[in-house]
Structure formats: C-alpha cells, structure tokens
Amino acid sequence: MRRKAVSLLCRVPRPSTIQRPLVAPIVSLPRYYSSHGPPNAKLNLPIQYNTSTYLSHTAAATLANPELPSSIRTSGNTARQNLYQSINSALSTALSTDERAILFGEDVAFGGVFRCSTNLLDKFGPDRVFNTPLNELGIIGFGIGYAAHHEANTAIAEIQFGDYVFPAFDQIVNEAAKYRYRGAGDFNCGGLTIRMPVMGVGHGALYHSQSPEAFFCHVPGLKVVVPRGPVQAKGLLLASIRERNPVIFMEPKILYRATVEEVPVDDYELPLEKAEVLAKGSDVTIISYGTTMYTVEMAAKAAKEMLGASVEVIDLRTIYPWDKVTIFESVKKTGRCVIVHEATKSGGVGGEIAACVQEECFLRLEAPVSRVAGFDAPMGLIFEQFNLPDVARIFDAIKKTLEY
Amino acid sequence: MLASQSRKAALNAFRSSSRKPLAAALSVRSISVDATASQDAQAPEDPDKPFTVKLLSQSFDAFNIEPPSLDFVTTKNELIDMYKNMAAVRRMEFAADRLYKERKIRGFCHLSVGQEAVAVGMEKAITPDDQVITSYRCHGFAYMRGASVKSIIAELLGRREGIAYGKGGSMHMFAKSFYGGNGIVGAQVPVGAGIGFAMKYLGRPNVTFALYGDGAANQGQVFEAFNMAKLWDIPVVFGCENNKYGMGTSAARSSALTEYHQRGQYIPGLKVNGMDVLAVKQACAWAKEYTTSGKGPLVMEFLTYRYGGHSMSDPGTSYRTREEVSWMRTNQDAIAGLRTRLLDWGVVTEDGLKELDKGVKDVVDPEVAAAEAAEVPENSRKVLFEDIYTRGSEPDWLRGRTAEETYYYKE
C-alpha cells in the first residue's frame with residue numbers, strides 16, 4: 001500500500017544561515033587544550049582508534065559478531081564507514097523500510113551539522129525529511145503528536161546537540177515517557193526516537209560537550225542508548241527506531257569521524273538493553289559506554305602490562321534500563337568494579353550502577369565500587385580534557401581497586 | 001528612601017491598573033457572551049428537517065479573516081441532542097464535585113461547570129475521525145469523544161474500570177481520537193501540531209483541535225507550535241478556552257494581549273461566544289473547513305466562564321467576586337440559554353424539557369453509581385508496573401522500594 005503523495009513543506013530548502021554557534025569541525029587542527037596529555041605523558045597518549053580491538057577493522061571481524069542476524073553474517077556485504085556514515089545508513093534504511101517514518105530537526109534536511117542525514121532529503125523528499133525551526137520543546141512535542149496518532153507512525157527527531165535538549169525536557173519526561181501509562185496502554189508515542197550528539201569533543205566547552213544521559217535514566221518509560229562505534233550505531237539505531245517505546249539515542253560526537261569500521265550494508269538490528277562484554281577478565285570489571293570505551297581500553301591495556309591485571313571490560317550500550325544480569329555476573333566473578341563515564345559524578349549513571357552492584361553483589365565485593373567520571377563542574381573550554389576521564393585516572397582507579 | 005517610595009508608588013499604580021470593577025472587567029470583552037437572547041424562529045414539525053436561525057450579531061470577532069455566517073442551520077433533533085449533552089456533562093461534573101467533597105475522589109480534580117458549550121459545540125462540528133487534544137479540564141471533552149460517564153468517574157475514583165485504569169485521575173482521560181487530558185500547562189499544544197501533521201502526512205481529511213486555556217496561552221511552546229503549524233500549513237486549530245482566569249490570575253493580569261485569537265500574529269484568528277453552543281458549533285465547522293482545505297492553521301478563542309474554582313482546593317472567590325460568578329450563572333449560562341431558545345423556537349415544551357432533564361439523570365446517575373460501586377483495585381505490582389513499556393518489550397525487571405519488591409516482567 002503506497003501512501004498518496006502529499007505535497008508538503010513546499011518551501012524550497014536553501015542553505016541555512018548559521019543560527020547558532022556550531023562547534024568547529026570535529027577533526028580539528030591540534031590545539032594544546034584539546035590534545036591528550038603533556039608531551040612526556042606515559043598513559044595519556046592519543047587514543048588509537050585505528051588499532052582498537054573494540055572496533056571491527058575487517059569484514060571478517062564484523063561478520064564474526066554472533067549478535068548479527070545469520071543472513072547478514074553469510075552475505076558478507078560490508079562497507080568501510082565512520083559513525084556518522086553508519087547513522088546515515090541506518091536512517092536511510094529506516095526511511096526506506098517504513099513509509100510512515102519521518103526525520104526532522106534543526107538543519108537535518110541539509111545533512112545536519114554532523115552530516116548524519118546527508119542526501120536523505122534527495123532520497124526521500126521534503127515530506128519526510130525536513131528542517132524545523134530552532135525550538136527543541138516544539139520539535140519533541142511535534143514528534144510526540146505524530147507518533148501518538150498511530151502506533152505505526154515513526155518519528156525520528158534530532159536535537160542538534162544533547163546540550164540543547166533541556167528546553168524539551170518537559171515534553172520528554174512528562175509527555176513522551178508517560179504517554180502509555182497515562183493512556184492505559186491504548187495511547188503512546190512508542191514510535192518516537194530522539195537522536196542527539198553528546199559527550200566531549202576536546203573543545204566543545206559549556207554547551208557542546210555535555211553528557212546529559214543521566215537526566216533521562218531517571219524516567220521509567222524511556223530507553224536510553226549510546227553506541228560506541230559504527231557497527232553498533234547502525235544496529236542499535238535501527239532497533240531504537242523500530243522499538244515501540246520512546247528511545248533517546250545519544251551519539252558520541254567525537255566518534256562520528258574518529259571511529260571507522262566495516263559496517264554491514266544491509267538492514268540489521270542489535271539488541272537493546274543488552275550489554276556487551278568486550279574483554280574477558282578475572283580481576284576487575286570496568287563498565288562504561290560511548291567515547292570512554294576507548295580510554296578504558298588503553299587503561300586496561302596499561303593495567304595488564306604494568307600490574308599484570310586481568311580486566312573485564314563491559315560496554316553498557318543501553319544505559320537505561322540497563323543489563324543487570326551481565327553486570328552482576330561479571331562483578332560476582334571479579335569482585336571488583338570500576339564505572340567510567342564523562343558525565344559529572346554526582347547523580348550520574350555510575351552512582352546507580354554502584355548502588356545496584358552493592359545491593360546484589362555485596363558479599364562478593366573485594367573493594368568498594370569505584371567511579372571515574374567528569375568532575376562536578378561545568379565543561380570549561382580550557383579544562384575539557386582535564387575534566388574528562390583520562391587513561392591515567394582510570395588506571396589509577398583500577399590500581400586502587402586492585403590494591404584495596 | 002526615595003527608592004522605596006517610588007517602588008511603593010509603582011506598586012500602587014500597578015494595583016489600581018490591574019484591579020478592575022466587575023462591569024469594566026466584563027466589558028473588555030468586545031463580543032457578547034450572551035447565550036440567552038434568541039432571535040425569532042420557528043422549528044418545523046419534522047425533527048430532522050433543517051431550519052435556519054440567526055446567531056447573535058456579536059457571536060464572532062475575526063482577525064485577518066472573514067468570520068463565519070450568522071445563519072445557523074440546524075434541526076430539532078440536533079438542538080435537543082446538544083441540550084442533553086451539555087446537561088449530561090454538567091450532571092457528571094456535579095457528581096464528581098459531590099464525590100470529591102465526600103472524600104471519595106482524592107487528588108486533583110478540575111471541573112468544567114460553565115464551560116460545557118465548548119466541548120459540546122465542537123464535537124457537533126467534527127467527526128469521530130477528527131482529532132482533539134486538550135488541557136487538564138478534560139472531563140467534558142472525554143465524554144463528548146465517546147468515553148462513558150462510568151469510565152470517567154471511575155478514573156477519578158482510581159478504579160480499574162477507569163478510562164486510564166485509575167492511574168491518571170482527573171487530568172488523564174483518553175478516547176478514540178482524543179489524546180487526553182494533559183496535566184502540564186501548554187504541553188498539549190505542540191503535540192496537537194504533531195497530530196495535525198500526521199493527518200496531513202497521511203492524507204486524511206481531518207482537523208485537529210489543540211485546546212488550551214488563557215493561562216497556558218503564555219507558555220513559550222504554544223508559540224513554537226504556532227510557528228511550525230503555519231510554516232508547514234498544518235490543519236490544526238489552536239483553541240484557547242478563555243475562562244478569564246488562569247488559576248487565580250485574571251487574563252488581564254497575566255497577558256499583555258488578552259485578545260487571544262490575535263496571538264497567532266501571522267495566523268488568522270476568530271473569537272467566539274463560548275457560552276453559546278450554536279456559535280461554537282458554527283465556528284468549529286467553519287474552522288474545520290478552513291484548515292482542511294489546505295489554508296493552514298487557525299487560532300480560535302472561546303470566551304467562556306467556569307463557575308467553580310480552578311480545582312477543588314480553590315473556592316474560586318478570592319480573586320473574583322461572588323457577584324461576578326452569580327451574574328454569569330444567571331445571565332450567560334450556556335444550558336439555560338439553549339433552554340430558553342428551545343422553548344422560544346417551539347423545539348420542546350416545558351414538559352418536554354422536564355422529560356429531557358429526567359432522561360439525562362436516568363442515564364448519568366446509574367453510571368456514576370456503577371463507578372462508585374466498582375472495587376478498589378488490588379494492590380499488585382503487576383498493575384503498578386504495567387504499561388510503562390509496551391507489553392512484551394519490558395526490561396526483565398523494575399525495582400520496587402526494596403529488593404523484595406522487585407517486579408519481574410518475565411518469570
């Protein structure tokens with residue numbers, strides 16, 4: 001059944017005038033305040049994305065993933081993509097497989113500030129891919145309304161930066177999250193997915209480098225998802241868009257270009273609410289998500305080399321509701337737990353995980369659960385790298401936890 | 001010293017400017033809210049035969065648009081139906097009032113007594129496939145959209161038979177093509193724009209009414225919704241039910257422009273006598289025609305009045321006089337006004353009216369009783385945790401207050 005074409009949004013798209021201070025291009029020229037550590041640093045070396053074992057650099061590595069559908073694994077069809085390209089591929093797949101899916105947000109028709117929606121206007125037309133005014137509250141309210149009309153309606157809203165989501169907080173918390181409960185199951189906006197770039201970028205400062213995930217992890221009815229690389233981004237985003245609960249999908253903005261993987265070309269989903277064990281270990285469990293996965297990788301490597309520690313690393317992926325089974329199993333095995341995130345420590349995701357771990361694994365713990373997080377301070381421009389968890393801080397937490 | 005004196009003078013000036021005597025306060029309304037006066041007309045014998053009556057000349061005030069015609073075509077049956085609907089809404093609201101005072105309904109409860117003409121007139125102008133979303137004062141709209149009296153009262157009582165399983169209460173009622181009752185002031189307005197967009201995107205010939213009060217009209221997101229709707233020519237009617245008070249603050253004290261129908265600036269507007277159900281129906285039918293013909297949104301203002309307080313904890317007399325309320329009740333009541341016209345036009349006799357009133361009582365009262373008789377729901381975690389996520393997609397468990405209270409969706 002083809003929907004009758006509706007001539008909508010007849011205004012001709014024009015290149016936008018810049019309405020907001022955008023961040024500089026993600027891959028920027030080296031600046032001292034956005035580089036990693038001083039010249040004589042031993043631990044805080046530049047993150048080596050191109051050799052990270054948490055990324056699939058070959059088609060074979062990608063297709064070995066048992067979470068992928070068998071059809072994808074046997075087809076062997078992959079393309080080298082960075083994270084924004086894989087998001088673009090996911091959006092394109094979502095729009096082409098669901099004629100009720102619409103994509104909107106500030107400047108998305110022009111490709112978005114991070115190029116995630118490049119060419120989607122040309123492919124799907126202005127009825128389905130369109131720019132909104134600069135009004136986050138209105139964008140989310142509008143998306144809720146579209147999704148609420150019918151369970152089959154799929155609204156993919158983009159908030160240009162996670163830092164801009166706060167005007168929409170009311171609509172997300174009070175309308176989107178509670179629609180189903182208020183409507184006794186008959187009314188909901190499950191088809192709504194809200195995408196936003198988050199986390200540090202080295203020089204984003206106060207309003208372009210925040211990590212607002214914890215605000216939404218307090219709200220039953222929402223799901224909060226953060227991918228760490230292109231393969232995950234595509235599979236988790238498609239799962240989030242098709243999920244019939246409102247999902248907040250946070251894309252770590254520095255990874256848009258920094259991470260490159262062989263990404264399956266075809267349509268696939270990865271499971272929500274399921275953590276991924278990236279490295280098996282027996283001495284300490286490190287839990288993280290998004291950008292800091294790669295910092296954790298380097299800290300775990302250093303801990304192995306310098307302390308002989310066997311570190312188990314877990315990517316949470318879905319931050320809320322999170323995969324308690326995998327976490328508890330791991331901590332019960334290792335007896336030690338370190339949680340790492342960029343968001344400020346107080347009231348952060350780490351506090352919740354730490355509390356649950358202590359409730360469930362108390363008798364198996366050999367050391368207090370440790371958190372490495374952003375300091376309880378705004379993200380000052382000059383202090384951004386200082387504020388974010390670095391390899392040394394994570395290494396130190398591992399060491400202290402092991403030596404407790 | 002000087003500063004404090006000037007501050008005092010400024011305060012006095014503010015007070016004197018914002019305190020208006022009753023007559024002046026009512027006269028700022030440029031159109032009539034009269035619902036009692038009727039023009040000459042005679043209803044035909046056949047209850048389904050259309051006949052034309054003249055609406056009051058001051059029924060509408062248009063902004064950047066031609067107002068609807070004052071010739072109102074109706075039938076005896078339609079008029080009787082409107083009367084019955086308004087009477088049923090009022091009777092249901094009175095039942096809620098009683099149950100609240102008996103301490104059986106707890107929590108929030110916002111009654112629409114006095115404002116019935118808006119919900120009834122609007123419903124008569126639209127079809128079940130048109131969409132409505134409104135504010136927390138929603139009982140009348142829920143009833144008109146098809147919710148039963150029992151399900152509404154049971155919701156207020158927190159019963160499983162309630163329209164939202166008793167989990168929402170007064171502000172959260174849903175029915176087909178009715179997206180609630182919304183407790184957050186103004187939040188439903190951009191949601192309404194999104195629903196309207198769905199209609200347009202799916203090629204449906206339907207209008208969406210997004211309703212809010214004069215208090216909510218000052219919310220920023222209302223203006224965000226106006227802009228998007230006009231930008232994309234969404235078939236949505238932004239309807240401001242101006243009952244003169246946003247909680248306890250009069251419109252003039254809260255709003256720099258109290259002509260709410262002009263607040264869309266670039267969107268045409270229409271102010272309507274919201275105490276006259278016929279004017280409301282005429283205006284809403286006109287608005288549906290306008291918006292669904294591709295001309296974009298409209299901003300409407302329904303001048304109305306609530307007799308009760310904002311909520312049950314507000315006696316409704318600290319910010320307005322008892323005289324004002326009783327004057328409105330006596331002179332501009334929507335139900336009394338229609339009653340007068342039904343008699344004047346020969347639609348019903350005095351005895352017929354008594355029959356109608358009895359009929360309404362016989363329908364509403366047993367449903368209220370049934371709601372009251374419904375069991376208090378069992379105190380179960382299954383019920384508490386259901387519908388947080390779509391059924392079957394829930395996480396393995398959600399936490400209660402203690403580990404023992406953890407609820408497992410999947411055993």
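The figures here come from the full heavy-atom set of this structure, side chains too, leaving out hydrogens, waters and symmetry mates. Computed from a prediction, not measured in an experiment: that's the story for all the values here. Throughout, a chain's letter reflects where its sequence line sits, starting with A, and its residues are numbered from 1.
Residue contact with chain B, scored on non-hydrogen atoms closer than 4.5 Å, is absent for Phe104(A). Residue Phe226(B) does not touch chain A at all, counting heavy-atom pairs closer than 4.5 Å. Interface remark: Leu222(A) contributes backbone atoms only to the contact with chain B (heavy atom separation under 4.5 Å). Only the side chain of Phe187(A) has a heavy atom closer than 4.5 Å to any heavy atom of chain B. Both the backbone and the side chain of Gln221(B) have a heavy atom closer than 4.5 Å to some heavy atom of chain A. With a threshold of 4.5 angstrom between heavy atoms, Ile140(A) does not approach chain B through any atom at all. Proximity to chain A is limited to the backbone of Ile163(B), based on heavy atoms less than 4.5 angstrom apart. Heavy atoms closer than 4.5 Å to chain A are found in the side chain of Met199(B), but not in its backbone. Contacts between Asp186(A) and chain B at a heavy-atom distance below 4.5 Å are absent for every atom of the residue. Using a 4.5 Å cut-off between heavy atoms, Arg204(B) touches chain A through its side chain atoms alone.
When the candidates Glu151(A), Glu243(A), Glu360(A), Lys223(A) are compared by the number of heavy-atom contacts under 4.5 Å with chain B, Lys223(A) comes out ahead. The greatest number of non-hydrogen atom pairs below 4.5 Å with chain B, out of Ile144(A), Asp323(A), Asp170(A), Thr318(A), is found for Asp170(A). Ranked by non-hydrogen atom pairs under 4.5 Å with chain A, the options Tyr179(B), Phe385(B), Phe223(B), Tyr389(B) are led by Tyr389(B). Each of Cys356(A), Gly138(A), Gly183(A), Gly145(A) has some count of heavy-atom pairs under 4.5 Å with chain B, and the biggest count is that of Gly145(A). Taking chain B as the reference chain and counting heavy-atom pairs below 4.5 Å, the highest number among Ala155(A), Gly190(A), Gly221(A) is found for Gly221(A). Ranking Glu386(B), Arg391(B), Met228(B), Glu394(B) against chain A, the residue ahead of the rest is Met228(B), based on heavy-atom pairs under 4.5 Å. Among the candidates Lys324(A), Arg244(A), Lys178(A), the residue making the largest number of heavy-atom pairs closer than 4.5 Å to chain B is Lys324(A). Put simply, of Ala198(B), Gly196(B), Gly294(B), the one with the most heavy-atom pairs under 4.5 Å next to chain A is Ala198(B).
Arg182(A) forms a cation-pi arrangement with Tyr179(A), by the criterion of a distance under 6.0 Å to the ring centre and an angle within 45° of the ring axis. Seen from the ring of Tyr407(B), Lys382(B) does not count as a face-on cation partner, given the 6.0 Å and 45° thresholds.
The closest donor-acceptor contact from the side chain of Arg160(B) to the backbone of Gly166(B) lies at 3.5 Å or more, if one exists at all. For Glu155(B) (side chain) and Ala164(B) (main-chain N/O), a donor-acceptor pair under 3.5 Å exists by modelled atom type.
Using a 3.5 Å distance cut-off with no hydrogens or angles, the side chains of Thr390(B) and Ser393(B) do not pair a donor with an acceptor. Looking only at atom types and distance, the side chain of Ser92(A) has a donor-acceptor partner in the side chain of Lys123(A) under 3.5 Å away. Side chain to side chain, Thr292(B) and Asn206(B) fail the donor-acceptor criterion of an N or O pair below 3.5 Å.
Residue Ala225(B) comes nearest to Phe238(B) through the heavy atom pair O-CZ, 3.7 Å, listed as atom of the first residue, atom of the second, then distance.
Counting non-hydrogen atoms of other residues, nucleotides and ligands closer than 6.0 Å to CZ of Phe215(A) gives a total of 12 or fewer.
Note on ring orientation: taking the six-membered ring where Trp is involved, the planes of Phe142(A) and Phe130(A) are perpendicular (angle over 60°, cut-offs 30° and 60°).
Taking the charged nitrogens against the carboxylate oxygens, Lys295(B) and Asp233(B) have no contact shorter than 4.0 Å, which rules out a salt bridge.
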